[in-house]
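Notes to accompany the following structure.
These numbers were taken from a predicted model, which means no experiment stands behind them. Both ligands and their constituent atoms are indexed starting at 1 by order of listing.
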Amino acid sequence: MFFLLSLCMCGLLLRGDAQDRAALWRGNDRSGRCQYTFTVPSPVEASCPQTGGPEVEGLKARLSLLEVLVSQLSGGDTGGHQGARARAQSELQEALNRVMGERNLLQGEKERLEGELEGLQRRMEEMRRETERLRNRPCPPQTPAVPPSLPLQGSALMRPAGDSAWQHGSPGFQELKAEVTEVPAPDGSEDNTGCGELVSVGEPVTHRKADNIEGKYGVWMQDPEAVSPYGPNMFWRIDTIGSDVRKLFGYEDMEQLSKGFPSKVLLLPEQVESTGATLYRGSLYFQRRRSRTLIRYDLASESIAARRDLPHAGFHGQFPYSWGGYTDIDLAVDEQGLWAVYSTVKVRGAIVISQLDPYSLEVKKSWETNIRKNSVANSFIICGKLYTVASYTAPDTVINYMYDTETSQGKAMAIPFKNKHRYNSMIDYNLAQRKLFAWDNFHMVSYDLRLGRQQAN
Ligand code: CA
């Protein structure tokens with residue numbers, strides 16, 4: 001019994017000793033809840049390793065590293081080195097975007113050229129079949145090629161009626177024999193204030209080269225009757241390569257155009273087709289892409305003032321000039337107002353000239369010529385007379401034909417004309433300066449003109 005009592009006392013004494021060295025705390029934690037902490041010393045270790053040992057130091061180092069990384073990612077560090085890296089990255093991105101943009105443009109141009117190639121192959125096949133058909137046709141009885149009563153115009157000329165194979169399959173197109181046509185020799189009868197026939201065209205003067213691929217083809221213009229807020233010295237330009245041609249650049253004068261510093265950039269509400277646009281009385285006139293719709297865009301209010309379909313006009317590669325480029329509808333301005341040069345299915349590709357109401361775009365009067373539109377490179381109108389250019393690539397070509405709307409008569413001619421840069425995509429009469437404006441393979445060029453004296457009626 002005594003032994004058992006002694007054992008219990010020892011146990012209580014030992015327990016009491018342990019309680020002396022243990023500790024219990026009670027307090028609130030951060031969220032306010034009651035928290036108990038019970039601490040018992042280790043019966044084995046005499047002391048703990050130093051507080052804040054290698055593990056804590058390692059954690060601190062990793063934390064600092066993470067802070068630096070977070071700072072870099074959030075752009076907080078604008079130090080010289082980081083800034084330079086960011087700038088280099090942004091420049092690289094910009095260059096990449098530019099290259100991608102140009103690649104897309106070239107891709108679009110490639111597709112367009114492939115489309116044109118297909119069209120040309122189709123036309124060649126049609127012509128081959130036509131030739132075959134004519135070969136198999138029995139010869140008609142021989143008749144004199146030129147009736148004695150048929151007067152020759154100039155010294156040479158078009159094939160007389162009945163002489164040509166064209167008669168069998170086409171609506172009597174004239175074959176342009178420009179090389180044998182004589183031009184009236186200048187005899188001191190030029191009068192640049194009048195409206196006589198074109199006598200000669202001067203050397204091309206280059207004013208500006210386009211900055212990138214978008215400007216391989218284009219149109220540049222001057223309003224002969226400029227309207228406020230734009231002055232009469234203003235020049236305008238549209239680069240026409242690309243799938244979304246809408247930008248109209250305005251330049252204060254020729255010097256600014258030559259330097260490439262536009263003072264105004266307008267974003268047109270509709271896409272422009274090809275190089276046939278023109279300016280007149282404060283409005284830009286252009287053909288809406290993939291349509292026969294003509295649009296009058298008012299420069300002052302920067303909005304569309306009129307839109308109207310050009311009746312029956314071919315568009316988007318149906319009746320282009322010989323270089324293609326969707327040049328189906330060519331607009332022009334001269335002393336007599338606004339004109340459209342185009343073709344229709346009814347006249348099977350011959351050039352039709354229509355005088356338009358510049359306010360409403362309605363057709364006032366039309367003339368049908370017998371010149372095949374895709375046989376000429378371009379055309380321009382001076383004093384109601386349409387002139388056509390034979391080639392868009394030959395450095396030395398000719399203005400090979402003239403049609404006078406006043407007399408409804410046409411004739412072949414051969415006035416020398418130079419395609420200095422060998423790919424002329426636009427030629428127009430500029431009434432403000434009485435010059436020709438052209439867009440020749442990235443280059444904006446102009447030509448002086450000489451007109452003959454107007455013939456008295
Ligand atoms: Ca033209």
**Side-chain donor-acceptor contact under 3.5 Å, Tyr321 with Ser379** = yes
**Asked** What residue pairs, at least two apart or across chains, pass ring-ring contact (aromatic ring centres under 6.0 Å, His included) with a residue in residues 87-116?
**Response** none
**Asked** So, Ser379 and the Ca ion (ligand 1): N/O/S under 3.0 Å, yes or no?
**Response** yes
**Request:** Could you tell me whether the Ca ion (ligand 1) has an N, O or S atom of Phe380 under 3.0 Å away?
**Result:** no
**Request:** Report the distance from atom CD of Glu368 to atom OG of Ser408, rounding to the nearest 0.5 Å.
**Result:** 10.5 Å
**Request:** Angle at the Ca ion (ligand 1): provide the value between OD1 of Asn378 and O of Ile427, rounding to 10 degrees.
**Result:** 90°
**Prompt:** So does Thr275 have any N/O/S atom less than 3.0 Å away from the Ca ion (ligand 1)?
**Reply:** no
**Complete:** Among N, O or S atoms, Asp330 approaches the Ca ion (ligand 1) most closely through OD2
**Request:** Flag the pair Phe380 / Phe437 as yes when their ring centroid distance falls below 6.0 Å, and as no otherwise.
**Result:** no
**Prompt:** Aromatic rings Tyr230 and Trp236: how do their planes relate, parallel, tilted or perpendicular, breaks at 30° and 60°?
**Reply:** perpendicular
**Request:** Tell me which N, O or S atom of Asp428 sits nearest to the Ca ion (ligand 1).
**Result:** OD1
